[in-house]
Amino acid sequence: MSTTTVGILGGGQLGQMLGLAAIPLGIDCVFYDPSPEAPARTVGRHIAAAWNDLDALARFADMVDVVTFEFENVPTASLAAVAARKPVRPGLRSLEQTCDRIREKEFLRDAGVPVQPFAAVSTEADLAIALATVGTHGVLKTRSLGYDGKGQRVVRGAAELAPAWDALGRSPSIYEAFVPFDREVSVVATRALDGTSVVYPIVENLHTQGILFRSTAPAAVPDALARAAERHARQVLEGLGHVGTLALEMFVADGTLIANEIAPRVHNSGHWTIQGARTSQFENHMRAVAGLPLGDAGAPEPAAMVNLIGGLPPIGEILAIAGATAQFYGKSPRPGRKVGHINIVAPTREMLVQRLADAEHLARQHNQLA
Ligand code: AMP
């Protein structure tokens, strides 16, 4: 059989880890990313051209058998140009239903996944309606292009909503109820071309200044809640007809789950699966995209990940921690930029907690947030 060549839109660290997972599967990767410094350039061929360069996109599509993405904000016209030439997996529906926060919440609600009250804010008149439907304690977010907590404002009283909307440049926004959560969790899952799917153990996430700092698997939640999270992940996979890996981020409040958002791609809260699960989220994504059977998403031991943000500790200090592995993305450090991560595995939860404390301490000494 001839080698499958997968085109990947985006060449950041997610692309790099997809490319690394592709190598033992005999899959070649071609990355499309405007930056000549794209981290994924070290693990495949790289086309450095603008997102709106339709000629370069056509050339890219002609080089590959199938296209996927690690970056979901690819302009619609660019995606359409690629989709006209080669299959795109996951399909455009996965992007359409998740690129706009209102459509995403409506999709989740219709798929049977619980969400908090929300309302669209597009005009001045919408402000009063939004307050009446959602309440006076909420979060105002731009409908598109927000990430890592950017493009959002917490509202703590009726008088704060209009100034918050001004601060977001009066962009089309969503106003959603503030969820007084006990924990933030996520579920990463992969669906194959034939519709079979695997779901990874539920993960607990800790954010610092809106950026993911730590993920721990499995999250310390009751079994019933873990099963509900798994069910919600499958509802999302099926509802989207998704092919590939995605992440569903949720809050746990009062012992129940409330969905926050979907990432229609491999996700930072699934990096622990590289050492922690029998098949990583990256490998399963590549298998799905190439039409191959999926691998076991089970995790033999407790595992965790700590993000390295804005600075890297000396590699030797990371590797001196028992059960630790390091992954550096080859990006030049800038405050607030994810430049690597540490994965930790341990035979018991108690040992994981100890090792994690050492890894977090080391990361904090070198991390620089914006
Ligand atoms: P997001 O960009 O939607 O992932 O939000 C970034 C972070 O802001 C989340 O991980 C939460 O910590 C917090 N957050 C977002 N939406 C809400 C909400 N409705 N209620 C409480 N906290 C929120």
Side-chain angles (χ1 to χ4, degrees), residues 14 71-73 95 97-109 113-121 127 130-131 133-158 160-161 164-165 167-169 171-188 202-217 219 221 229 232-233 236 246-272 305-307 309 336-338 341 369-370:
L14 301 177
F71 170 74
E72 64 269 42
N73 295 321
L95 285 168
Q97 298 297 310
T98 57
C99 68
D100 172 298
R101 286 186 190 268
I102 293 278
R103 214 181 299 149
E104 182 179 39
K105 285 264 147 77
E106 287 170 349
F107 163 77
L108 285 164
R109 189 187 58 199
V113 181
V115 293
Q116 71 274 61
F118 62 92
V121 175
L127 293 171
L131 283 168
T133 31
V134 172
T136 55
H137 193 189
V139 185
L140 185 73
K141 305 176 181 177
T142 54
R143 282 175 70 154
S144 56
L145 300 177
Y147 68 96
D148 284 351
K150 293 186 175 64
Q152 50 183 278
R153 292 282 181 288
V154 176
V155 170
R156 291 186 185 78
E160 289 188 13
L161 184 58
W165 193 44
L168 297 185
S171 310
S173 298
I174 180 173
Y175 181 56
E176 54 183 51
F178 187 89
V179 179
F181 58 82
D182 303 314
R183 315 167 182 273
E184 292 191 78
V185 295
S186 59
V187 184
V188 172
I202 186 170
V203 174
E204 174 159 359
N205 298 314
L206 179 75
H207 294 84
T208 309
Q209 290 181 25
I211 303 179
L212 182 65
F213 176 59
R214 180 187 77 201
S215 295
T216 311
V221 296
H232 294 330
V236 171
L246 59 69
L248 173 62
E249 296 183 73
M250 291 172 283
F251 301 120
V252 180
D254 263 348
T256 63
L257 291 164
I258 295 170
N260 180 35
E261 63 181 357
I262 301 164
R265 52 164 170 76
V266 289
H267 190 251
N268 198 170
S269 70
H271 290 3
W272 66 273
M305 181 230 50
V306 175
N307 263 341
I309 304 162
R337 192 176 202 207
K338 293 170 184 168
H341 68 259
L369 301 173

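Every number for a ligand or one of its atoms is a count from 1 in the order of the listing.
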| If hydrogens are left out, which of Gln152, Gln116, His137 has an atom nearest to atom 2 (O) of ligand 1, that is, the closest non-hydrogen atom? | Gln152

| Whether Phe178 and His137 hold their rings parallel, tilted or perpendicular, with breakpoints at 30° and 60° | parallel

| field | Phe107/Ile262 under side-chain contact (heavy atoms from CB on, under 4.5 Å): CA gap, chis, key distance, verdict | value | CA-CA 10 Å; Phe107 163 77; Ile262 301 164; 3.8 Å; yes

| message | Using a 3.5 Å cut-off on N or O atoms only, is Val179 in polar contact with ligand 1? | response | yes

| message | Could you report the tightest heavy-atom contact between Ala259 and Leu248, atom names first, then the distance? | response | CB-CD1, 4.2 Å

| field | Numbering as shown, the atoms of ligand 1 that approach Arg101 to under 4.0 Å (heavy-atom distance) | value | 2 (O), 3 (O)

| request: I would like to know whether Arg103 and Arg143 meet side-chain contact (heavy atoms from CB on, under 4.5 Å); could you show each step before the answer? | output: CA-CA 9 Å; Arg103 214 181 299 149; Arg143 282 175 70 154; 5.8 Å; no

| message | Any donor-acceptor pair under 3.5 Å linking the side-chain atoms of Asn205 with those of Ser215? | response | yes

| task | May I ask you to check whether Ala177 has an N/O atom sitting below 3.5 Å from an N/O atom of ligand 1? | result | yes

| field | Nearest option to atom 9 (C) of ligand 1, as decided by whichever heavy atom of Gln209, Glu104, Glu184, His207 sits closest | value | Glu184

| Quick one: which ligand 1 atoms are inside 4.0 Å of a heavy atom on Glu176? | 16 (N), 17 (C), 18 (C), 19 (N)

| said: I need the contact type for Asn260 against ligand 1. Using non-hydrogen atoms and a strict under-4.0 Å cut-off, is it side chain, backbone, both or neither? | reply: side chain

| query | Does any N/O atom on Glu249 come nearer than 3.5 Å to any N/O atom on ligand 1? | reply | no

| request: Enter the distance from Ile309:CD1 to Thr208:OG1 here, rounded to the nearest 0.5 Å. | output: 6.5 Å

